[in-house]
Amino acid sequence: MANSQHDFAPLAALLTWYDKSARVLPWRARPGRRSDPYHVWLSEIMLQQTTVATVGPYFAKFLKRWPTVEALAAADLDQVLANWAGLGYYARARNLHKCAVVVAARGGDFPRTETELQELPGIGPYTAAAIGAIAFDLALVPVDGNIERVTARYLAVTGAMPGVKPELRDKAQFFKSDKRPGDVAQALMDLGATICTPRNPDCERCPIHVGCKAQSQGIAADLPKRAAKKPRPVRYATMFWLTRVDGKVLLQKRPEKGLLGSMLGLPTTDWTEEEDNAPESCAPAKSKWQAVPETVGHTFTHFHLEVSVLTGKTSRKEKAGEIWLLHEDFKNHAVPTLFRKVAKHVVGRKG
DNA sequence: GAGGCGTGGGT
DNA sequence: TACCCAAGCCT
């Protein structure tokens, strides 16, 4: 459905609004200009399920350290993971590095078609369309959560998420534009982030509220409908804070894939639905283990974890594959937030 | 195709 | 406080 074949007014209104009100973001070119594809790609990967405010410092740090995709490709994966630590969804960082290697091998140029972009690691339907539209001005509509919401409201699509996603992906083609497709995409995202928000949409300030079916029906705030949320199960773990005389703490490299994959972690029992009453059988060393008062809570996407901690000392020699770090040095390594939180709990308690 | 996969900010 | 949920991808 080309925009020339239907109502063009909302696209024109959107672009006029964007020219005046576009958010200034570190990875974004001014309206009417294209951004560096490397910047677009890096930001889009970081922005997957992650807020603009959170991404800002990470984007700056990565760009300073690795100014080009070739530089990123040449980096050690562990360095990439260390700099990604805290951002979450660590498969993104592993795929980021993989993708950089592929792109560097083809001369540092990102492919310029939607299909080829989507073949790269970590790039799915949304990100391929986003890079295509924003970096290369391809007439594509990257359908993210913002554009799903704007589409559901503008066209009054009343089905419930996530089942309605395919319909929204189709109907979002309403916003396909041969003219400035990248700016149209970014305008829709700004609109979704600042005006057409999930709760309390500010329809009076919306540049396309004329023509918005949900607004005219008074149901904008109720769309898109969401299925009832599932309860989040609780799991329990005991972690071991083992220190040497030099003050360094034992960390272990986690399995390559899965939860917190390829990152560093404290030695831990399995994370189970019942509290473990004999955790010391999982301890990384013999020691006079002492329980730290209070547990540490940490919520993941699909469960909540309550962590008990045992502290112990050892004088044993370093084993192969072990990583011993001072707590102050955690920030320079690939230590996820969960373990930093546990560490702070232990150290803060000692004073 | 449904579920695994993090975290911090907003309300 | 306790939710909600954010520029999704992969299996």
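Order of the sequence lines sets the chain letters (A, B, ...), proteins ahead of strands, with each chain counted from 1. Since this is a predicted model, take the numbers as computed values, not measurements.
For A:Pro336, the side-chain atoms get nearest to B:dT7 when compared with the rest of C:dG8, C:dA7, B:dT7. Here C:dA7 is the nucleotide among B:dG6, C:dA7, C:dC5 with the atom lying nearest to any side-chain atom of A:Leu47.
Annotation: C:dC9 and B:dG8 have their P atoms spaced 22 Å apart (nearest Å). Separating the P atom of B:dT11 from that of C:dA7 is a span of 14 Å, rounded to the nearest Å. Comparing the C1' positions of C:dG8 and B:dG1 gives a spacing of 15 Å, expressed to the nearest Å.
Linking Ile, Leu, Val, Met, Phe, Trp and Tyr residues whenever their side-chain heavy atoms come within less than 4.5 Å leaves A:Leu242 and A:Val292 in two separate clusters.
Evaluation of atom-type donor-acceptor distances gives a pair under 3.5 Å for the side chain of A:Arg23 against the base of C:dA7. For A:Thr50 against B:dG6, a side-chain-to-base donor-acceptor contact under 3.5 Å is present. Residue-to-nucleotide contacts include a donor-acceptor pair under 3.5 Å from the side chain of A:Thr301 to the base of B:dG6.
In this structure, A:Phe330 and A:Trp241 have tilted ring planes: the angle between them lies in the 30° to 60° band.
In terms of phosphate contacts, A:Thr127 brings no side-chain nitrogen or oxygen within less than 4.0 Å of OP1 or OP2 of C:dA7.
Contact annotation for A:Trp27: base contact, defined as any heavy-atom pair under 4.0 Å involving a base atom. Within 4.0 Å of A:Leu25, counting heavy atoms only, lies at least one base atom of the nucleic acid.
Inter-residue side-chain proximity for A:Ile208 and A:Trp17 is flagged as unmet; no heavy-atom pair is nearer than 4.5 Å.
For A:His298 and A:Phe300, the ring centers sit closer than 6.0 Å to each other.
Between A:Tyr89 and A:Lys229, the residue anchored nearer the 5' end of DNA chain C, judged by the nucleotide with its closest heavy atom, is A:Lys229.
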